[in-house]
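Presented below is the structure to which this report refers.
When a ligand or atom number is given, it counts from 1 through the structure's own listing order.
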Amino acid sequence: MSQHTDTTYKPTSPNSKLDFASVWEYAPAPESASHAEIKEKYDLFIGGKFVKPAEGNYFKSMNPATGETITEFAEASKSDVNKAVKAARKAFEGEWSSISAKERGKYLYRIARMIQERAREFSVLESMDGGKPIRESRDVDVPLVAAHFFYYAGWADKLEYAFPGKKPKPLGVCGQIIPWNFPLLMLAWKIAPALACGNTVVLKPAETTSLTALKFAELVKDAGLPDGVVNIVTGAGETGAEIVNHKDIDKIAFTGSTGVGKLIQRSLAGTDKKFTLELGGKGAMIVFEDAPIDQAVEGIINAIFFNQGHVCCAGSRLLVQEGVAEKVIQKLKDRMESLIVGDPLDKNTDVGAINSQAQFETINKYLEIGLNEGADVYQSSCSIPDNGYFVRPTLLMNVSQSNRVVQEEIFGPVLTIQTFRTADEAIQKANNTPYGLAGGVWTDKGSKIFKVGSGLRSGVVWANTYNKFDPTSPFGGYKESGVGREGGMHGLGAYLKF
Ligand code: ADP
């Protein structure tokens, strides 16, 4: 590929330590942003139209890689949320219910194809607004978004086959609240199954990453979806709380922090609203002595450093068997040296910008906590840009199970490392946090995969890989990682009543 032909090899002196950063220098390969249209201001998308917020307030959204304001979003108040719910109810009781399931599926297919057609624009905007590397948004997020709409489009007229002997019916109006780490993908996880099952939605994107949701609103308009089937309201936590507490909403689907998830669950107690909550995680990756070590190292790098560790199912803890610990850690350090941290729009970038100042401060706070708890901190020596929010890939070694950095979600490119001797010890350590969203195991032996897989109290367990997603697989957590499943057939059940 062209970026490889542009590389310059700089020989290091024979005595010098291997220094990948100076051996390989990549010429910048920025993705063009010229085709991506960003308006100065975005209004709310309610009842098929862009409408101004009742109280006239807007908030700024910035590019976390540069600190520059890129646009402004409307702040939806109680009356705006009310208006959106009314529009969703009207569509649910009117046009959306009167069309056939097959026609409903056609709309979803159309949306999926339009996402593919506009994939480049969506990818660029996702990287500008959220800070994730363009390689990630182009090769992972946006293709998965289209895949989710295609997958659920197929189910729209086959619900009775999914649940034989039952007569599934839509729930009604669904309130959906999503986080900033996979803005468009989380939107797809929420909207595609809801619509396939015949519901209508009011969705709120995260306040730091609302851009692609509003671009999606434009696409929905172009797709000719009946007015009010999809409504997008922007704003922060208060807007989210207005959705959660609205009396005419039948289901709440939330993805975000465990703290807010608990607040939401408390608000919903005693109501007859259905809910699914996809919350935090502290994924453990277990590497046995018989594992393919290079493959494991690459998997670990992918699991925690790509996408800045901004993944709720990120592999943020490494449990490595004693006999190979030294080797694995050295290989990890070597590989970390070759990671490029910087401009999210550059196609060479591995680790982009931290999503917001608040998250940047949280990560740095945890690095300090780690130091105070006695961890050995190792960071790659790469250069990072002067502006924007960036954190070097970091290892926290010599940590113990009770340390906060091992127990709590950091949500950044920070990996804790512990060792183990037996499979039982690894399982015990992996399970010993409040979370249970995802885990991974690397070994040559199928029997160990089964032992660990059945021992982990974790919604997903990957074997000899990590962070692989597919619309057909259910996803969700144990313990404080959440309630309910999204994705696959399980994801349909969460939007139906029987
Ligand atoms: P994080 O801590 O990762 O930023 P949050 O859980 O705070 O995640 O945010 C996830 C989503 O929940 C965002 O869209 C945010 O605006 C929304 N949110 C925050 N507080 C509340 C709340 N009290 N009720 C409903 N939604 C909320």
For residues 169-186, please give each side-chain donor-acceptor pair under 3.5 Å, one per line with the distance, not counting sequence neighbours.
unit_1	atom_1	unit_2	atom_2	d
Gln176	NE2	Lys190	O	2.9
Gln176	NE2	Tyr495	OH	3.0
Asn181	ND2	His310	O	3.3

Kindly print each ligand 1 N/O atom paired with any protein N/O atom under 3.5 angstrom away, one pair per line, or none if nothing qualifies.
unit_1	atom_1	unit_2	atom_2	d
ligand 1	4 (O)	Trp180	NE1	2.8
ligand 1	6 (O)	Ser257	N	2.8
ligand 1	6 (O)	Ser257	OG	2.6
ligand 1	14 (O)	Ile178	O	2.8
ligand 1	14 (O)	Lys204	NZ	3.0
ligand 1	16 (O)	Lys204	NZ	2.8
ligand 1	16 (O)	Glu207	OE1	2.7

**Request:** May I ask you to check whether over 12 heavy atoms, not counting those of Lys479, lie within 6.0 Å of atom NZ?
**Result:**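 Above 12, so yes.
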
**Item:** Straight-line distance of Arg266 CZ to Leu268 CG, nearest 0.5 Å
**Value:**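 Between Arg266 CZ and Leu268 CG, I get 11.5 Å after rounding to 0.5 Å.
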
I'd like a table of donor-acceptor pairs (distance under 3.5 Å, sequence neighbours excluded) in which one partner is a side-chain atom from residues 46-59, with atom names and distances.
unit_1	atom_1	unit_2	atom_2	d
Lys52	NZ	Asp43	OD2	3.2
Tyr58	OH	Asp43	OD1	2.5

**Any pair counted as ring-ring contact (aromatic ring centres under 6.0 Å, His included), so long as it reaches residues 200-251, sequence neighbours left out** =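 Listed once each, the pairs are Phe149-Phe216.
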
**Asked** Do the rings of Trp462 and Tyr466 sit parallel, tilted or perpendicular, given the 30° and 60° boundaries?
**Response** tilted

